[in-house]
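Down below is the structure, laid out as structure tokens.
Along the sequence shown, residues carry numbers from 1. Both counts, for ligands and for their atoms, begin at 1 and track the order of listing.
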Amino acid sequence: MNTSKSEAMFAEAIKMMPGGVNSPVRAFGNVGRNPLFIKKASGSHIYDVDGNDYIDYVCSWGPGILGHAHPEVIEAVQKAVVDGLTFGAPTERETKLCHLVNECMPSMEMMRMVSSGTEAVMSAIRAARGYTGRDKIIKFKGCYHGHSDGLLVKAGSAALTSSVPDSAGVPKSFTEKTLVALYNDENSVRELFDNNKGEIAALIVEPVAANMGVVPPKEGFLSFLREITKENGAVLIFDEVITGFRLSAGGAQEYYNIKPDLTTLGKIVGGGMPMAVYGGKAEIMKCVSPVGKVYQAGTLSGNPVATAAGIKTVELLMKNPDIYAKIDGNAKKLAKAYEEAAKKNNIAMTVNQVGSLLCAYFTEQKVDDYDKATSSDLEAFSAYFGKMLDGGIYVAPSQFEAMFVSAAHTDEEIQKTCELILK
Ligand code: HOZ
């Protein structure tokens with residue numbers, strides 16, 4: 001496979017950007033390769049600048065549930081663009097998107113649009129603190145909620161593979177109100193609530209942890225979180241930046257039938273444009289400025305082009321609920337292929353799959369938390385990644401990211417992927 005143009009572009013990029021990239025995981029740092037520079041993407045395929053064509057299971061880390069450059073989404077964006085790129089003033093589209101989100105996730109009675117998942121989470125936590133008048137929050141080891149200072153504690157995603165669990169540059173005092181519990185471990189949560197009575201503003205969780213690979217919640221874990229937060233007067237925040245509109249149109253909260261107090265959305269809700277949302281109980285959201293005293297603002301918040309892409313994407317998902325059975329079924333086929341390949345080649349492997357999210361870990365342990373996820377053999381992962389890439393399949397260049405299946409993946413492509421996995 002010729003990647004000479006990508007190599008040349010990378011050599012230039014590293015002079016100008018740390019690692020040559022604008023987000024660390026893209027640097028392919030832990031898989032012994034240099035990143036591919038992408039020219040375009042369409043449907044289930046992504047094409048690099050050397051003309052190589054890959055079946056894509058990164059899907060821009062989640063937004064591409066309909067496949068890349070869906071014609072109806074592109075048309076909506078093109079129509080919006082000619083009227084102007086940004087106004088910094090209200091548009092009708094923002095309210096329309098709010099109604100669609102509320103229809104899918106009734107727990108989101110009121111909401112705010114921002115520009116990234118990081119911003120959504122940061123703002124939701126501020127709202128929870130303003131509402132409760134308390135300072136401490138609980139997060140889970142291995143759950144990733146963006147790169148704001150207070151949340152870069154035992155985070156997942158690239159913070160796992162870069163071997164810097166807690167980022168440099170974050171003052172200790174900024175994270176001292178962030179308490180860390182163990183995912184899927186009820187006792188660890190109970191202990192934190194018991195030891196910090198009346199002090200916890202919020203508990204934030206990825207309902208399916210998808211930044212340490214893919215780790216589903218144990219049965220009853222999410223309802224336990226619902227109960228204990230209620231008992232302690234703390235706000236339950238579901239970080240659905242990945243799971244929102246992916247596990248179902250109503251996200252993980254519909255999939256597991258749990259109603260959080262606040263939710264953060266990103267990725268799919270912007271239809272591939274930089275947009276995210278936070279929202280939930282009106283009583284809490286009314287604490288946000290200008291109604292309440294919790295400040296949050298942004299020039300590009302509720303951007304007219306991003307809202308056009310988001311509206312069309314959400315409408316298409318709502319109109320075509322069969323998509324979910326299809327992508328779930330295809331993810332199951334892939335999971336089965338991994339399991340068969342592991343058996344055939346006598347490789348220690350555990351496969352986790354929830355809806356269209358999946359992850360194969362190179363470990364024989366059942367992966368239900370951070371420590372087990374990080375027991376995966378990363379050299380074996382690198383070898384597997386190289387085999388897939390050379391075979392024309394683009395999967396995340398990190399063990400601790402999910403594999404995303406989209407509605408654009410055809411049966412033939414799933415079959416081709418299964419065959420390569422089994423090779
Ligand atoms: N934190 C994102 C993955 N979980 C980063 C995605 C990107 O590099 O675009």
Side-chain angles (χ1 to χ4, degrees), residues 6 10 13-14 17-31 33-38 41 46 48 54 56-65 68 114-122 139-149 151-167 183 204-215 239-247 252 264-276 306 352 354 356-359 361 370 373-374 376 381 385 394-406:
S6 275
F10 185 53
I14 50 174
M17 289 169 277
V21 291
N22 280 312
S23 187
V25 71
R26 302 179 192 177
F28 280 30
N30 294 281
V31 288
R33 300 271 180 130
N34 286 334
L36 299 173
F37 277 58
I38 302 306
I46 192 159
D48 69 17
Y54 305 87
D56 179 25
Y57 291 98
V58 179
C59 295
S60 189
W61 309 94
I65 191 166
H68 292 284
V114 290
S115 299
S116 72
T118 293
E119 220 184 318
V121 168
M122 188 182 84
K139 79 173 283 287
F140 290 93
K141 192 174 176 185
C143 280
Y144 178 72
H145 305 288
H147 64 92
S148 65
D149 286 340
L151 287 155
L152 277 180
V153 186
K154 306 278 180 248
S157 192
L160 282 184
T161 41
S162 59
S163 312
V164 186
D166 300 321
S167 172
Y183 194 76
I204 184 161
V205 66
E206 288 181 87
V208 173
N211 283 285
M212 48 171 156
V214 175
V215 182
D239 181 343
E240 295 228 45
V241 167
I242 289 183
T243 53
F245 300 105
R246 177 157 286 279
L247 296 189
T264 56
L265 299 171
K267 303 192 190 270
I268 295 174
V269 77
M273 300 288 293
M275 194 181 57
N352 284 349
V354 187
S356 56
L357 296 170
L358 74 151
C359 181
Y361 296 92
Y370 171 92
T374 51
S376 185
F381 176 83
F385 173 80
Y394 191 73
V395 295
S398 163
Q399 172 68 87
F400 305 110
E401 302 284 353
M403 185 169 180
F404 295 92
V405 178
S406 85

Say whether S23, considering both its backbone and side-chain N or O atoms, lies within less than 3.5 Å of an N or O atom on ligand 1.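 Yes, since at least one N or O of S23 sits under 3.5 Å from an N or O of ligand 1.
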
With distance as the sole test, does S356 use its side chain to make a donor-acceptor pair with the main-chain N or O of F404 at under 3.5 Å?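 Not a single qualifying donor-acceptor pair exists.
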
What heavy-atom pair brings C143 and Y183 nearest, and what distance separates the two atoms?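 Of all heavy-atom pairs spanning C143 and Y183, the closest is SG-CD1, 3.9 Å.
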
Search all heavy atoms of N352 against all heavy atoms of V215 and return the closest pair with its distance.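 Scanning both residues completely, I find the closest heavy atoms to be ND2-CA, 4.1 Å.
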
Within ligand 1, which atoms have a heavy atom of [X] less than 4.0 Å away?
X: E401; result: 3 (C), 4 (N)
X: Y144; result: 1 (N)
X: N211; result: 4 (N)
X: V25; result: 8 (O)

May I ask you to identify, for V21, whether its side chain, its backbone, both or neither come under 4.0 Å of ligand 1 on a heavy-atom basis? neither

May I ask you to decide if the ring planes of F28 and Y394 are parallel, tilted or perpendicular, using 30° and 60° as cut-offs?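 Ring orientation, 0 to 90° scale: tilted.
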
How about F140 and Y370: are their ring centroids closer than 6.0 Å? no

